[in-house]
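Just so it is clear, the values below take in all heavy atoms, side chains as well, and ignore hydrogens, waters and symmetry mates.
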Amino acid sequence: MARSLPADWQDKVSFAGHGQEAMEVLKRQPIDLLFLDLNMPILDGYGVLQAIQAQQIPVKVVVVSGDIQPEARERVLAFGALDFIKKPVSAEKLQEVLQQFNAVHTVQDSQKVLDRAFAANHHSSANFALDPVLRDVFQELTNVAMGQAGDLLARLLKVFVKLPIPNVNVIEVSELHMAIASVEQKQTTSAVCQGFIGGGVSGEALLILNDSSFADIAKLLKYEGKLTSKTELELLMDIGNILIGAVLKGLAEQIDMSFSQGHPVVLGQHAPVSEMIKANARRWKRTLAIEISYGIENYNINCDLLLLFTEDSIKTLNYKVEFLLEE
């Protein structure tokens with residue numbers, strides 16, 4: 001995105017790793033234009049917009065996010081953002097926005113802040129060697145893909161989906177349970193697994209749903225019958241098909257690949273997630289794990305989507321990502 005800005009801006013661009021850092025920059029120097037992400041650690045984009053309003057900081061804000069839910073756009077505009085650009089950012093759309101707000105003329109003699117959400121919450125005990133730059137790119141690719149999946153879920157259920165910062169780690173299967181940070185170990189869960197393969201990359205997608213979520217999911221899907229293990233399994237499959245399919249499609253499009261998906265397999269119902277992982281440990285070895293934790297605002301619905309790429313796939317994925325960086 002920075003490379004798409006006018007050439008004479010390049011020495012005037014500042015970067016902030018998260019919202020709090022952006023606010024510190026805004027307080028100590030005049031900024032004309034802020035490109036603001038939404039999913040960030042410490043202080044997210046919504047928090048930045050609210051702080052800018054509360055402190056009456058004179059800055060033009062354009063939100064740049066993979067969260068493409070209609071309500072996300074409505075919320076940021078209500079908080080004072082001038083426009084919303086979806087990821088991945090096209091140079092044409094960026095130029096259109098700059099011209100629309102006469103930014104080309106207003107920022108040439110000052111500075112701009114590009115706010116990005118490349119920082120993540122890492123689980124150090126489960127962390128193996130993964131180049132930090134590549135991790136950042138995997139996170140950003142996942143950010144776009146999970147936003148597309150969240151938008152699909154939001155439109156289907158007519159809700160607002162809370163999107164996280166995805167976690168990316170290379171881990172051993174013995175550490176797999178540690179990668180699922182947001183699943184309460186005291187709660188019972190149900191899980192479904194679906195394999196995928198394409199272009200030298202293969203793996204499995206795990207959807208793990210807290211059992212306490214089923215009642216609200218049934219309500220949102222207007223299911224009025226009695227909840228049984230069979231109907232809960234159907235609901236789990238429905239949510240799994242939506243999220244797994246949309247995330248894999250979003251990732252594949254960005255790295256110019258296509259994935260074929262296998263039949264879903266039930267890992268277990270109404271059991272602690274650690275037991276399900278232990279029972280299926282033979283399915284995975286060392287793996288590149290991407291974790292996405294979805295929540296539904298105002299509802300007791302929480303699920304984890306875990307993408308587990310085989311160790312043999314990591315080399316191909318790294319090649320694809322490095323090619324993107326070269327571009």
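For the atom pair CG of Asp304 and OG1 of Thr189, the computed distance is 9.5 Å after rounding to the nearest 0.5 Å. Between the CG atom in Leu243 and the CG atom in Leu305 there is a gap of 6.5 Å [rounded to 0.5 Å]. The structure places CD1 of Ile31 at 10.0 Å from CD1 of Ile57, a figure rounded to the nearest 0.5 Å. Between the CZ atom in Phe214 and the CD1 atom in Ile239 there is a gap of 9.5 Å [rounded to 0.5 Å]. Here the CG-CG distance, from Leu157 to Leu152, works out to 9.5 Å after rounding to the nearest 0.5 Å. Considering CG of Leu34 and CE of Met23, their distance stands at 9.5 Å, rounded to 0.5 Å.
Contact of the Leu307 side chain with the Leu248 side chain is registered, since non-hydrogen atoms from C-beta on lie closer than 4.5 Å. Using a 4.5 Å heavy-atom threshold, the side chains of Ile52 and Leu26 count as touching. Side chains of Leu317 and Lys320 form no contact here, defined as non-hydrogen atoms less than 4.5 Å apart. Residues Ile301 and Leu220 form a side-chain contact, since some pair of their non-hydrogen atoms from C-beta on lies under 4.5 Å apart. The shortest side-chain heavy-atom distance between Leu33 and Leu98 falls under the 4.5 Å cut-off. Side chains of Asn39 and Pro164 form no contact here, defined as non-hydrogen atoms less than 4.5 Å apart. Looking at heavy atoms from C-beta onward, Met1 lies out of side-chain contact with Lys87 at the 4.5 angstrom threshold. Proximity of Lys249 to Glu253: side-chain heavy atoms (C-beta onward) are separated by under 4.5 Å at one or more points.
In terms of hydrophobic clustering, with Ile, Leu, Val, Met, Phe, Trp and Tyr side chains grouped at heavy-atom distances under 4.5 Å, Val137 and Val144 are assigned to different clusters.
The two residues Asn143 and Pro166 have their closest heavy-atom pair at N-CG, 4.2 Å. Between Asn302 and Leu209, the shortest heavy-atom contact is O-CD1, 3.5 Å. Taking every heavy atom of both residues into account, Ile197 and Ser202 meet most closely at CG1-CB, 3.8 Å. Minimum heavy-atom separation, Pro41 to Ile165: N-CD1, 3.1 Å. The minimum heavy-atom distance between Cys193 and Leu206, with the atom names listed, is SG-CD1, 4.0 Å. Taking every heavy atom of both residues into account, Gly147 and Ile68 meet most closely at O-CG1, 3.8 Å.
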Kindly indicate, with the supporting measurements, whether the criterion side chain to side chain contact (heavy atoms under 4.5 Å, CB included) is fulfilled by Asp238 and Ile217. CA-CA 10 Å; Asp238 287 342; Ile217 291 176; over 6 Å; no
From CA spacing to verdict: side chain to side chain contact (heavy atoms under 4.5 Å, CB included), Ile290, Val247: CA-CA 11 Å; Ile290 298 177; Val247 168; over 6 Å; no
Does the salt bridge (charged side-chain N to carboxylate O under 4.0 Å, His left out) test come out yes or no for Glu24 and Lys27, once each step is laid out? CA-CA 5 Å; Glu24 292 169 359; Lys27 290 175 184 177; over 6 Å; no
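Listed by chain and number, the residues in a side chain to side chain donor-acceptor pair (under 3.5 Å) with Asp211 are Thr188, Ser190, His270 (sequence neighbours excluded). Not counting sequence neighbours, the partners of Lys230 by the side-chain contact (heavy atoms from CB on, under 4.5 Å) test are Thr228, Glu234.
Counting only residues at least two apart or on different chains, the ring-ring contact (aromatic ring centres under 6.0 Å, His included) pairs with a member in residues 293-321 are Phe196-Phe309. The side chain to side chain donor-acceptor pair (under 3.5 Å) contacts involving residues 148-161 comprise Asp151-Arg155, where partners must be two or more places apart or lie in separate chains.
Looking at Asp44, its side chain does come within 3.5 Å of a backbone N or O of Tyr46 through a donor-acceptor pair. No donor-acceptor pair closer than 3.5 Å links the side chain of Asn167 to the backbone N or O of Glu291. Put simply, the side chain of Gln20 never gets that close to the backbone of Ile42: no donor and acceptor are under 3.5 Å apart.
Enclosure of atom NZ in Lys93 by more than 12 non-hydrogen atoms of other residues, nucleotides or ligands within 6.0 angstrom is indicated. Counting heavy-atom neighbours within 6.0 Å of Gln55 CD, excluding the residue itself, gives a total above 12.
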Show which side-chain atoms of residues 256-264 pair as donor or acceptor with protein atoms under 3.5 Å away, not counting sequence neighbours.
from, atom 1, to, atom 2, distance (Å)
Gln261, NE2, Gln194, OE1, 3.4

List the atom pairs, donor and acceptor, that lie under 3.5 Å between side-chain atoms in residues 69-82 and the rest of the protein, sequence neighbours left out.
from, atom 1, to, atom 2, distance (Å)
Gln69, OE1, Val161, N, 2.8
Gln69, NE2, Asp67, OD1, 3.0
Gln69, NE2, Asp67, OD2, 3.4
Gln69, NE2, Val161, O, 2.8
Glu71, OE2, Arg75, NE, 3.1
Glu71, OE2, Arg75, NH2, 2.7
Arg75, NH1, Glu297, OE2, 3.2
Arg75, NH2, Glu297, OE1, 2.4
Arg75, NH2, Glu297, OE2, 3.4

